[in-house]
Each structure stands twice: as C-alpha cells, then as structure tokens.
Amino acid sequence: MSNQTTVPTFLLLGFSDVPEMQNLYFILLLLLYLAALMGNLLIIVAVALDHHLHVPMYFFPMNLSILDVGSISVTIPKSLANSLMNTTPISYAGCVTQVFSLFLFMGADFSLLTIMAYDRYISICQPLHYERVMNRGACLQMAASAWISGILNSALHTGNTFALTFSGGNRVHQFFCEIPQLLKLACSDSYLSKIGALTFSACLVLICFVFIIVSYIQIFTMVLRIPSEQGWHKAFSTCLPHLTVVSLFVFTDIFAYLKPTSSSTSALDLVAAVLYSTVPPVLNPIVYSMRNKEIKDSLRRLTGWRLFAKN
C-alpha cells in the first residue's frame, strides 16, 4: 500500500500539548510574521523603485528579502489558521508542498548569504576589481545559481522523504511539516537513506559556512590595516551581526535535522524550529539592509516615515 493511502492527512501538533498557551503562541507567531513581511517588503519595494539602488550591493539583499518572505510564508500562515480554527490537519499534498517550498527557500537563502559574503569580500579586499568581477551578468548568474541550488536541494529531500512509507501514524509534533518529525513516522528500514541525504546537505552547508567565515576573516584582516577607528567600528558593526544571523541559521538547522531522533518530543525541537524558520527572515532586513544609509534614505523618500530619518 502506498504511503499516500496510508496517511491521507497529517496532524500538526506543535503547540497542541499546551492549550493554555495557544493565544500567546498565536500572538507571537503573528507578530513575527508581520515584522518579517513589513521589513522584507520594504526592502523589495525600495530596491525595485529606486534606480540609485540598482547595483549588486542591493540586488542581492532584495533577492534575500524575496526568499525570506517565501520561507516564512510557508510555515506560519497554516499554523495561524489552525490556531484560529482550533484544528490540526494538513493534507498530504499540503505537507509535500511545505517541505518542498521550505527547503527551496532556505537552501537558496543560504546560498545567497554565501554569495553576499563573497560580494563583500570583493568590494572591501579587491575594490579595483569589483566592477569587473561583480558585473550585471555575473550577479544575475549568481542569483540564478542560488535559486537553482535551492530547487535541486528541495527536490532531493522532498523526493526522498515522501518515497518513505509512513507506518508510525500521522501525528507530527511540530507546527509545520518538518522532515525530522516526519522521519519518526517512517519505517525503520527506509530511514537510513534519508539520514544520508540530510548528512550530505549538512556537509554542504558547513562548507558554505566555512567559506563565509574565511571571507569575513579576510575582511577583518584588511580593515584592521586601515588606521581609522571609525572604519574599524563600521566594519565590525556590519560584519558581526551578519555572522551572528548566519550562525543562528546554521546551528539551529543542524540541531534540528541531525540530532539523534527519539520517540519523545522535546521543547528544544520546537524552539529550534522557531529559531531557524522565523527569526532569520525577521532579522535579515535589519542586519543586511535597514542599517544602510542609502536604504534608509530611499525608504524615507518613498514612505516619508521619520523612522528612517538620518540619525
């Protein structure tokens, strides 16, 4: 019997074991979602409408904002709808869509963060070659490669996951269809192949993470040669938040997807899922864009908000 017949629907039980906290979780997720949407949509609109921002430095953050809107919209709206209707089911097709979309956006997101680290390395460490290396064609190819890598990564994990037979029931102890929770429902004889795919992806993520770290080390080394305390402060205040967000994304992902599975559900599983799926889309606009003077000036012109006035 196919797994589609065995499990026509899944039950998302992420917050159902603490019903007295449902309203608090609903408000928290709603605020995170609205903050992510507002921040990222402002960046998309600013870069799209302001021709002064049609340069590589802002082209990549705009793509990052598009990916962040997509990734957070995969998980939170369904959870909010379930909370409002006091229900838990998600269809088999809906679960497949969540897994595919989340891996697509998150995979492309991390690829783009790697490209952005390279962009910063070239602009600071090799400024004379920047226009040649980061020309329009190269930027389009890099952005396309990020999206394609996300699609390929998503197809691999979605295909491997839903090729399994789910004989352990349909109760997913998470607020969205998360692969580690789905694996707990799979037959043990088909489980190892999926772990191998996750381990392979984790190795690729770690390689990209090392590349990002090395890029920022090169940037720090170059900046420290400049006899300007203001320049040091600007570089560190820019790069350290970037590394913080990337590290949060990487290590919560690895914890969620590679930690040993158990039949019991830990509160840490829920916390890790919230951290890697909702916090980066909220922080990325602030860390990568809204602290930039030209972005703030553009937003001030477009919106007239004093929030973006020059300090």
Could you state the interatomic distance from [atom1] ([X]) to [atom2] ([Y]), rounded to the nearest 0.5 Å?
X    : Y    : atom1 : atom2 : value
K78  : L12  : NZ    : CG    : 7.0 Å
N63  : L140 : CG    : CG    : 9.0 Å
L112 : F105 : CG    : CZ    : 13.0 Å
M38  : I43  : CE    : CD1   : 10.5 Å
I148 : L104 : CD1   : CG    : 11.0 Å
S277 : I76  : OG    : CD1   : 6.5 Å

Exercise for review: Start with the C-alpha gap between F60 and C139, add the side-chain angles, then the distance that decides, and say whether side-chain contact (heavy atoms from CB on, under 4.5 Å) holds.
Suggested key: CA-CA 8 Å; F60 292 126; C139 290; 3.9 Å; yes
Which heavy atom in [X] sits nearest to a heavy atom in [Y], and how many Å separate them?
X    : Y    : value
V245 : V287 : CG2-CG2, 3.7 Å
Q98  : V74  : NE2-O, 3.2 Å
H54  : A48  : NE2-O, 3.3 Å
A36  : I72  : CB-CD1, 3.5 Å
L182 : C177 : CD1-CB, 4.4 Å
F26  : S83  : CD1-CB, 3.8 Å

Should [X] and [Y] count as side-chain neighbours, where that means a heavy-atom distance under 4.5 Å?
X    : Y    : value
S73  : V69  : yes
L42  : P285 : no
Y25  : S79  : no
T161 : T158 : no
D269 : P180 : no
L156 : N160 : yes
M106 : D253 : yes
N284 : D109 : yes

Point to revise | Check: L11 main-chain N/O paired with N170 side-chain donor or acceptor under 3.5 Å | key: no
Check your understanding: Just by distance, do the side chain of S154 and the backbone of F100 share a donor-acceptor pair under 3.5 Å?
Key -> yes
Check your understanding: Between F249 and F110, what is the ring plane arrangement, given parallel below 30°, perpendicular above 60°, and tilted in between?
Key -> parallel
Exercise for review: Given side-chain contact (heavy atoms from CB on, under 4.5 Å), test V274 with F175 step by step and report yes or no.
Suggested key: CA-CA 9 Å; V274 171; F175 67 97; 3.8 Å; yes
**Study point:** Set of residues satisfying salt bridge (charged side-chain N to carboxylate O under 4.0 Å, His left out) with respect to D50, sequence neighbours excluded
**Key:** R301
**Study point:** E131 atom CD: more than 12 heavy-atom contacts under 6.0 Å
**Key:** no
hydrophobic_cluster_shared for [Y] and [X], side chain cutoff 4.5 Å:
X    : Y    : value
M116 : V133 : yes
I44  : L34  : yes
L37  : L84  : yes
L64  : V55  : yes
M142 : L152 : no

Review point. Which residue pairs satisfy the salt bridge (charged side-chain N to carboxylate O under 4.0 Å, His left out) criterion with at least one member in residues 56-71, sequence neighbours excluded?
Key: none
Check your understanding: Below 6.0 angstrom between ring centroids: does that apply to F255 and Y276?
Key -> no
Exercise for review: Start with the C-alpha gap between L275 and V271, add the side-chain angles, then the distance that decides, and say whether side-chain contact (heavy atoms from CB on, under 4.5 Å) holds.
Suggested key: CA-CA 6 Å; L275 288 177; V271 171; 4.0 Å; yes
Practice item. Could you please spell out the steps behind the side-chain contact (heavy atoms from CB on, under 4.5 Å) verdict for F103 and I179? Key: CA-CA 10 Å; F103 265 81; I179 287 180; 3.2 Å; yes
Practice item. Would you mind telling me which of L243, L248, T244, V250 makes a side chain to side chain contact (heavy atoms under 4.5 Å, CB included) with V246? Key: V250
Could you go through residues 213-224 and list every donor-acceptor pair under 3.5 Å that involves a side-chain atom there, pairing it with any protein atom two or more places apart or in another chain?
residue : atom : partner : partner atom : Å
S215    : OG   : F211    : O            : 2.9
Y216    : OH   : H242    : ND1          : 2.9
T221    : OG1  : I217    : O            : 2.8

Practice item. Could you tell me whether the side chains of S111 and S149 share a donor-acceptor contact shorter than 3.5 Å? Key: yes
Check your understanding: Does any donor atom in the side chain of Y33 or T278 lie under 3.5 Å from an acceptor atom in the other side chain?
Key -> no
